[in-house]
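Report on one structure; see the data block that follows.
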Number of protein chains: 2
Amino acid sequence: MDYYVSNPRFYVAVDCIIFGFRKDSLKLLLLKRNFEPAMGKWSLMGGFVQEGESVHMAAVRVLRELTGLDNVFLDQVHAYGETERDPGSRVISVSYYALINISEYDEQLVKEHNAFWVDIHELPELIFDHGQMVTNALKKLRQKAAIRPIGLNLLPDEFSLTQLQSLYEAIYDEKLDKRNFRKKIASLSAIRKTGNIDKTTSKKGAALYCFDKTEYSEADRFDIIDYE
Amino acid sequence: MDYYVSNPRFYVAVDCIIFGFRKDSLKLLLLKRNFEPAMGKWSLMGGFVQEGESVHMAAVRVLRELTGLDNVFLDQVHAYGETERDPGSRVISVSYYALINISEYDEQLVKEHNAFWVDIHELPELIFDHGQMVTNALKKLRQKAAIRPIGLNLLPDEFSLTQLQSLYEAIYDEKLDKRNFRKKIASLSAIRKTGNIDKTTSKKGAALYCFDKTEYSEADRFDIIDYE
DNA sequence: TCAAAAGTGTTAAGTTTACACCCATGA
DNA sequence: TCATGGGTGTAAACTTAACACTTTTGA
């Protein structure tokens with residue numbers, strides 16, 4: 001159609017900020033690039049949008065290629081469109097953050113990609129505008145975790161309240177009061193005791209909890225932008 | 001470069017959700033399309049990203065083409081990347097909302113584009129996914145207006161507290177208590193009395209206020225995502 | 001028996017909400 | 001003089017923040 005063809009076309013990429021939670025802190029899964037461009041430098045996992053593939057599905061694919069995981073929590077953050085952001089060529093990139101249960105990814109695939117879990121407090125310099133992408137993804141994660149129980153995607157299906165508190169402390173990078181935290185969780189119907197006990201972290205044993213999906217409509221997961 | 005050329009390229013567009021405020025309600029500047037595709041239907045103002053132009057600058061340009069305004073408040077909302085979202089061709093679109101002082105746009109340009117201010121409560125059906133774009137832009141505007149004084153972009157430089165309250169009532173579509181509202185504004189250092197009086201809306205006259213930029217760092221305007 | 005993590009309530013401070021009348025002025 | 005919008009304070013409800021000791025049990 002005439003209307004379209006007079007316009008230029010661009011490479012469109014997705015870049016994923018992949019969060020995991022281990023040893024009381026947030027980690028990002030980063031690539032130590034053994035390929036061009038920017039070989040030897042650190043970067044986010046990314047890839048180009050393909051014909052017949054939506055931008056969102058490209059992010060899903062890229063994530064699967066690296067972790068072997070499907071059905072991962074993915075949330076779009078921002079489109080980065082500066083002309084010189086990638087010095088190799090004009091590329092417009094859409095960033096997504098992903099929350100994964102760090103004990104479930106495919107280690108073989110991660111190794112093949114030369115990817116490593118890096119503590120959020122010890123991030124190396126990243127290529128292009130990937131540092132900015134991380135900063136903005138963390139802002140959005142913090143925003144959204146304050147109003148939706150998305151943090152649970154970073155934990156196993158059953159978790160203790162101590163684990164959950166430690167997760168929120170890692171997300172917001174601040175200490176929380178144990179009693180106030182538990183009071184708040186108790187007031188949420190979406191998190192309930194499973195009856196199981198975790199004996200691995202203490203002699204007394206900690207009650208395990210799970211996310212109660214019946215209390216939280218699935219539709220919320222597909223809201224693009226949340227406001228409450 | 002080999003790395004890039006094996007990948008497809010796409011048309012990338014921007015679409016603008018242009019908010020104005022008049023007669024105590026929010027309006028959107030919409031096009032009644034007298035051009036293809038979707039001639040005769042209502043749509044947002046949009047345009048294609050050009051070579052050598054960042055996505056953000058494309059939004060600035062598109063906005064200028066319609067309103068004659070430069071230096072408008074613009075905030076990116078989301079990238080829409082479904083394969084079939086534009087039935088004419090595969091187009092990836094990045095949406096931005098704009099806040100403009102409705103008394104300052106170029107009426108001639110708006111007329112040439114066959115554009116009209118439509119009350120937010122009386123929106124017509126929009127083409128493609130433009131309705132979804134409006135919904136999401138409003139969500140983001142509400143989120144952001146709650147933590148930053150961006151609403152002021154919709155008002156003249158000097159405004160009464162009654163006007164300001166009416167604006168927030170329009171944004172959140174709910175009545176606010178006059179005394180509580182004024183108490184909150186008084187606690188904000190960023191809004192101060194100018195000393196001028198508006199005699200047009202009442203016999204008594206209303207004190208005019210303005211946004212005090214010295215109390216609010218310009219840098220905030222360039223934050224991509226806000227979290228506090 | 002003791003070290004280590006789990007679990008548990010109360011009070012003060014701060015914030016938000018609800019609510020109604022007087023003021024100044026131009027017509 | 002009166003109709004119109006501008007302007008003002010207080011008390012109750014609710015939310016958030018601060019704070020320390022007891023319980024359980026495996027080593």
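Just so we're on the same page: letters track the sequence lines, and every chain starts at 1.
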Measure from [atom1] on [X] to [atom2] on [N] and round the result to the nearest Å.
{"X": "Asp177(B)", "N": "dC19(C)", "atom1": "CG", "atom2": "P", "value": "9 Å"}
{"X": "Arg179(A)", "N": "dT16(D)", "atom1": "CZ", "atom2": "P", "value": "18 Å"}
{"X": "Phe181(B)", "N": "dG7(D)", "atom1": "CZ", "atom2": "P", "value": "12 Å"}
{"X": "Leu176(B)", "N": "dA18(C)", "atom1": "CG", "atom2": "P", "value": "11 Å"}
{"X": "Lys184(B)", "N": "dG9(D)", "atom1": "NZ", "atom2": "C1'", "value": "17 Å"}

Give me the residues of residues 192-208 of chain A where at least one heavy atom lies under 4.0 Å from an atom of DNA chain C, by number, or none.
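Of all residues in residues 192-208 of chain A, the ones placing a heavy atom under 4.0 Å from DNA chain C are Thr201(A), Ser202(A), Lys204(A), Gly205(A), Ala206(A), Ala207(A).
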Considering only heavy atoms, which members of residues 154-165 of chain A lie under 4.0 Å from some atom of DNA chain C?
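Heavy-atom cutoff 4.0 Å gives Thr162(A).
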Measure the acute angle between the ring planes of Phe181(A) and Tyr168(A), then classify it against the limits of 30° and 60° as parallel, tilted or perpendicular.
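Plane angle between 30° and 60°, so tilted.
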Charged N to carboxylate O under 4.0 angstrom, Arg61(A) versus Glu65(A)?
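A salt bridge links Arg61(A) with Glu65(A).
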Tabulated below should be each protein N or O lying under 3.5 Å from an N or O of nucleotides 10-13 of chain D; please produce it.
from, atom 1, to, atom 2, distance (Å)
dT10(D), O4, Lys183(B), NZ, 2.9

Using the closest heavy atom to pick a nucleotide of DNA chain C for each, name whichever of Lys178(B) or Arg182(A) lands nearer the 5' end.
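Final value for this comparison: Arg182(A).
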Under 6.0 Å between ring centres: does that hold for Trp117(B) and Phe21(B)?
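Between Phe21(B) and Trp117(B), which both carry aromatic rings, the centre distance is not below 6.0 Å.
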